[in-house]
K.L.:
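One structure follows; several queries about it will come next.
The basis for the numbers below is simple: all heavy atoms, side chains too, and nothing from hydrogens, waters or symmetry mates. Naming convention: chains lettered A, B, ... in sequence-line order (proteins, then strands); numbering from 1 in each chain.
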Amino acid sequence: MAYWLFKTEPDAFSIDDLKNAPAHTTQWEGVRNYQARNFMRDEVKQGDLVMIYHSSCKQVGVAGIATVTREAYPDPCQFDLNSGYYDPKATTENPRWVVVDVTYKHHLNNLVSLKAIKENEAVTDIALKKGGRLSIMPVTASDWDQIIKMAH
DNA sequence: GCCAACGTTGGC
DNA sequence: GCCAACGTTGGC
């Protein structure tokens with residue numbers, strides 16, 4: 001089982017929205033970055049655990065935990081003319097973008113802020129610390145444990 | 001295949 | 001809302 005961090009803007013879709021979604025589950029739609037897509041397409045597996053990270057908001061950080069309940073399949077938004085995620089170069093024969101399904105597990109007792117993660121020297125590998133803008137990133141078991149501890 | 005111009009992300 | 005850092009596009 002692997003660990004991941006998925007970014008979302010809570011004004012658009014928050015950990016609370018995931019909790020309140022039908023079956024506490026959503027398609028993780030709209031990822032339009034190739035590196036992030038490749039992770040979803042090739043490496044994100046059913047049963048993997050995901051940190052839900054809130055970006056571009058007042059309280060930036062890890063807000064809760066979800067689990068992967070369906071592996072990669074074509075993102076329906078890429079074919080939807082009315083979607084902001086429509087991609088004219090994507091076809092049903094050759095879809096360009098994928099989604100996975102994630103299901104709510106729980107909130108963290110306390111949001112673990114980006115600042116706290118950056119300041120914790122025991123968190124060593126996460127791409128968040130390197131200023132990258134990846135929206136889907138792997139998390140090592142060690143970093144996962146450290147961040148979970150920080151929520152207590 | 002280089003790289004300048006442009007667009008987007010995302011913290012602050 | 002600003003702007004730095006990064007990714008993508010497209011002319012050559």
Side-chain angles (χ1 to χ4, degrees), chain A residues 2-21 26-44 48-68 71-102 104-140 142-152:
Chain A
Y3 300 109
W4 302 95
L5 181 145
F6 287 12
K7 286 183 185 171
T8 183
E9 298 189 11
D11 292 343
F13 190 84
S14 70
I15 185 75
D16 296 318
D17 294 326
L18 180 59
K19 183 180 185 179
N20 295 328
T26 194
Q27 293 178 333
W28 205 261
E29 66 188 31
V31 171
R32 294 292 181 271
N33 167 284
Y34 287 104
Q35 202 182 350
R37 179 207 61 182
N38 293 346
F39 282 133
M40 284 208 298
R41 187 188 60 190
D42 303 331
E43 298 187 41
V44 175
D48 285 357
L49 288 174
V50 177
M51 287 177 166
I52 303 296
Y53 175 91
H54 285 173
S55 69
S56 299
C57 61
K58 279 188 181 170
Q59 286 200 301
V60 171
V62 177
I65 305 299
T67 187
V68 177
E71 292 173 14
Y73 58 102
D75 182 346
C77 299
Q78 71 194 308
F79 310 122
D80 179 359
L81 277 166
N82 297 316
S83 167
Y85 296 121
Y86 174 71
D87 184 342
K89 292 177 180 168
T91 64
T92 47
E93 295 76 26
N94 263 314
R96 177 177 291 209
W97 306 109
V98 300
V99 291
V100 298
D101 286 0
V102 298
Y104 175 83
K105 278 185 84 80
H106 56 82
H107 281 62
L108 296 185
N109 291 333
N110 299 106
L111 179 134
V112 179
S113 70
L114 176 62
K115 183 164 182 286
I117 291 170
K118 283 183 170 171
E119 286 171 357
N120 185 345
E121 291 178 4
V123 180
T124 51
D125 296 317
I126 197 162
L128 272 184
K129 295 188 91 157
K130 294 158 193 157
R133 291 169 304 159
L134 257 188
S135 56
I136 305 278
M137 67 182 73
V139 180
T140 63
S142 165
D143 283 355
W144 180 278
D145 291 343
Q146 286 296 332
I147 293 168
I148 297 298
K149 270 186 203 168
M150 293 168 73
H152 294 152

K.L.:
Table please: side-chain donor-acceptor pairs of residues 122-130 of chain A below 3.5 Å, with sequence neighbours left out.
P.N.:
unit_1, atom_1, unit_2, atom_2, d
A:Lys129, NZ, A:Ile117, O, 3.2
A:Lys129, NZ, A:Asn120, O, 2.9
A:Lys129, NZ, A:Val123, O, 2.7
A:Lys130, NZ, A:Asp125, O, 2.7

K.L.:
Assess the residue pair A:Trp97 and A:Tyr34 against the criterion (side-chain contact (heavy atoms from CB on, under 4.5 Å)); give the C-alpha distance rounded to whole Å, side-chain angles, the decisive distance to 0.1 Å, and a yes or no.
P.N.:
CA-CA 9 Å; A:Trp97 306 109; A:Tyr34 287 104; 3.6 Å; yes
K.L.:
Just how large is the angle between the end axes of the helix from B:dG1-C:dC12 to B:dC12-C:dG1, five pairs per end, to 10 degrees?
P.N.:
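The end axes of the helix from B:dG1-C:dC12 to B:dC12-C:dG1 are about 10° apart, to the nearest 10°.
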K.L.:
Can you check whether any acceptor in the base of B:dT8 is under 3.5 Å from a donor in the side chain of A:Arg133, or vice versa?
P.N.:
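Indeed there is one.
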K.L.:
Which of parallel (below 30°), tilted (30 to 60°) and perpendicular (above 60°) describes A:Trp28 and A:Phe13?
P.N.:
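A:Trp28 vs A:Phe13 ring planes: perpendicular.
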K.L.:
Using a cut-off of strictly less than 4.0 Å, decide whether A:Lys7 has a side-chain nitrogen or oxygen near OP1 or OP2 of B:dT9.
P.N.:
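The answer is no; no side-chain N or O of A:Lys7 sits under 4.0 Å from OP1 or OP2.
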K.L.:
Distance check needed: C:dG1 P versus A:Lys58 NZ, whole Å only.
P.N.:
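So the two atoms are 15 Å apart, to the nearest Å.
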K.L.:
Does A:Ser14 offer a backbone N or O that forms a donor-acceptor pair with the side chain of A:Asp17 under 3.5 Å?
P.N.:
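Looks like yes, one N/O pair under 3.5 Å.
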K.L.:
Measure CZ/A:Arg37 against P/C:dT8 and give the value in whole Å, please.
P.N.:
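It works out to 10 Å between those atoms.
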K.L.:
Rounded to whole Å, please give me the gap between OH in A:Tyr34 and P in B:dT8.
P.N.:
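It works out to 14 Å between those atoms.
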K.L.:
In the structure I gave you, are the side-chain heavy atoms of A:Leu49 and A:Lys105 within less than 4.5 Å of one another anywhere?
P.N.:
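SC-SC contact between A:Leu49 and A:Lys105 confirmed.
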K.L.:
Whole angstrom is fine here: how far is it from NZ in A:Lys129 over to P in B:dG11?
P.N.:
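Taking NZ of A:Lys129 and P of B:dG11, I get 15 Å after rounding.
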K.L.:
Return the value, rounded to whole Å, for the distance between atom CG of A:Asn33 and atom C1' of C:dT8.
P.N.:
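My rounded result for the distance is 10 Å.
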K.L.:
For a 4.5 angstrom cut-off between non-hydrogen side-chain atoms, does A:Tyr53 reach A:Ile147?
P.N.:
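A:Tyr53 does not reach A:Ile147 side chain to side chain.
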